[in-house]
Amino acid sequence: MKFFQSFLNRGDGPEIRRVRHELVRRSLEVRAVERFTPHMIRITLGGPELAGFTSPSPDDHIKIFVPGLDGSPTRRDYTPRRYDPQTGMLILDFVNHHGGPAAAWARAARPGDRLEIGGPRGSQIIAGPIDHWLLIGDETALPAVGRRVEELPAGTPVTTLVAVPGVEDEQAFATATHHVAHWVFRSMEQADDAAGILAILKNLEIPDHTFVWVGAEARVAKAVRQYLLDERRIPPQWIKASGYWAKGQADASVRDVGDVR
Ligand SMILES: Cc1cc2nc3c(=O)[nH]c(=O)nc-3n(C[C@H](O)[C@H](O)[C@H](O)COP(=O)(O)OP(=O)(O)OC[C@H]3O[C@@H](n4cnc5c(N)ncnc54)[C@H](O)[C@@H]3O)c2cc1C
């Protein structure tokens with residue numbers, strides 16, 4: 001249920017409309033577990049408590065509640081990759097990295113297991129005179145990138161630039177947009193190195209009225225944003241850059257890397 005809206009960046013440029021939702025905690029059942037790609041585990045959740053679930057923006061996130069490595073309750077952020085109210089199924093994609101309780105939970109998950117989720121608490125809806133989208137990220141942002149590519153209207157020009165470990169980690173999206181995909185390969189140990197993404201970005205045309213969305217390891221998101229501002233002179237209101245995680249730190253995200261000095 002929407003009970004609050006606010007607007008950022010009103011005017012000639014893009015606008016980010018903030019929508020708040022009633023915060024609901026749900027207990028769901030694991031219906032399917034799939035090794036979607038070598039580094040991505042796809043988990044389908046269902047159950048009566050999904051009724052009323054809403055996720056209007058592709059970069060929404062929910063909290064998942066899992067046991068921490070010491071057994072204490074822990075929560076982490078995940079993107080609702082797909083929600084189908086007809087079948088009552090919610091899909092989450094988990095990066096299979098070795099280190100954290102959320103990834104460990106996904107590796108061990110089996111049909112019949114339960115998962116508590118909360119949210120989304122709010123959504124940021126990006127709109128306005130956007131002629132082209134450029135979506136940049138790493139494997140943690142693939143759910144948000146995939147959703148946006150699939151949910152943009154037919155014919156919308158959208159370019160994606162995503163860093164993953166290998167060619168088998170590439171994903172195909174069902175879309176009627178004009179989608180051009182660029183993939184960068186680097187190991188997960190090098191996920192905080194922006195060099196591969198920047199090398200391709202330097203050769204990409206960024207037409208006027210391109211909205212650039214970035215979701216990646218925090219240092220990479222910051223480096224990409226800085227490059228776009230300094231070298232490509234993209235106005236800050238045309239960029240949304242978030243650190244989805246930070247190498248070497250548990251549960252570390254930076255919602256707007258523009259705030260980080
Ligand atoms: C808005 C938002 C949406 C997100 N959506 C998704 C999503 O849909 N799918 C998804 O997989 N992630 C997503 N993430 C990222 C996810 O929340 C983090 O990767 C989280 O830290 C994973 O929790 P964990 O318990 O597995 O590891 P943590 O306990 O948080 O971290 C343990 C160690 O693992 C490292 N680590 C954490 N994540 C990674 C990684 N991806 N690769 C390599 N090392 C890592 C940390 O640096 C730390 O050293 C999202 C983050 C945000 C902010």
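Just so you know, ligand 1 is whichever comes first in the structure, and atom 1 is the first atom listed for that ligand. Values reported hereafter were calculated over all heavy atoms of this structure, with side chains retained and with hydrogens, waters and symmetry mates removed.
Counting atoms of ligand 1 from 1 in the listed order, those under 4.0 Å from a heavy atom of Phe94 are 11 (O). Listed by number with element, the atoms of ligand 1 under 4.0 angstrom from any heavy atom of Ala102 are 23 (O), 24 (P), 25 (O), 26 (O).
Judged by the shortest distance from any of its heavy atoms, Pro101 lies inside the 4.0 Å radius around the atoms of ligand 1.
Looking at His39 and Asn96, their side chains never bring a donor and an acceptor atom within 3.5 Å of each other. In the model, Thr54 has no side-chain atom that pairs as donor or acceptor with a side-chain atom of His21 under 3.5 Å. Residues Arg114 and Ser27 bring a donor and an acceptor atom of their side chains to less than 3.5 Å of each other. Using a 3.5 Å distance cut-off with no hydrogens or angles, the side chains of Arg147 and Ser55 do pair a donor with an acceptor.
Shortest non-hydrogen contact noted between Trp105 and Ile43 is CZ3-CD1, 3.6 Å.
Atom 5 (N) of ligand 1 has as its closest protein heavy atom Thr79 OG1, 2.9 Å. Of the protein's non-hydrogen atoms, Arg76 CD, 4.1 Å is the one closest to atom 20 (C) of ligand 1. For atom 38 (N) of ligand 1, the closest non-hydrogen atom of the protein is His97 NE2, 3.5 Å. In terms of protein heavy-atom proximity, atom 44 (N) of ligand 1 is closest to Trp245 CZ3, 3.3 Å. The protein atom (non-hydrogen) at minimum distance from atom 14 (N) of ligand 1 is Asp77 O, 3.4 Å. The nearest protein atom to atom 15 (C) of ligand 1, hydrogens excluded, is given as Tyr244 O, 3.5 Å; this is a heavy-atom distance. The protein non-hydrogen atom at the shortest distance from atom 46 (C) of ligand 1 is Gln249 O, 3.2 Å. Taking atom 12 (N) of ligand 1 as the reference point, the nearest protein heavy-atom neighbour is Tyr78 CE2, 3.5 Å.
The part of Ser253 lying near ligand 1 is the side chain, judged by heavy-atom distances below 4.0 Å. By the criterion of a heavy-atom distance under 4.0 Å, the backbone of Ala246, and not its side chain, is placed next to ligand 1. When non-hydrogen atoms are compared, ligand 1 lies under 4.0 Å from the backbone of Asp93 (N, CA, C, O) but not from its side chain. The residue Glu217 has no part lying near ligand 1, judged by heavy-atom distances below 4.0 Å.
In terms of polar-atom proximity, Ala103 is counted as a contact of ligand 1, with an N or O under 3.5 Å from an N or O of the ligand. Inclusion of Pro143 in the set of residues having an N or O under 3.5 Å from an N or O of ligand 1 is not warranted. Every N/O-N/O distance between His61 and ligand 1 stays at or above 3.5 Å. Distances between N or O atoms of Gly248 and those of ligand 1 include at least one value under 3.5 Å. Close N/O approach between Gly99 and ligand 1 is not found [any backbone or side-chain N/O within under 3.5 Å].
Residue Val214 is tested with Leu134, Asp138, Val224, Ile197 for a side chain to side chain contact (heavy atoms under 4.5 Å, CB included); the sole match is Val224.
Counting non-hydrogen atoms of other residues, nucleotides and ligands closer than 6.0 Å to CZ of Arg121 gives a total of 12 or fewer. Within a 6.0 Å sphere centred on CZ of Arg75, other residues, nucleotides and ligands contribute 12 heavy atoms or fewer.
Which of Ile91, Ile64, Leu69, Thr140 comes nearest to atom 41 (N) of ligand 1 through a heavy atom is settled by distance: it is Thr140.
Ring centroids of His97 and Trp245 are separated by 6.0 Å or more, keeping the two rings apart.
Under a 4.0 Å N-O distance rule, the pair Asp193/Arg219 does not qualify as a salt bridge.
For the pair Arg81 and Phe36, the cation does not sit on the ring face, since its NZ or CZ is not both under 6.0 Å from the ring centre and inside 45° of the axis.
Side-chain contact between Pro14 and Gln237: present, with at least one pair of heavy atoms (C-beta onward) separated by less than 4.5 Å.
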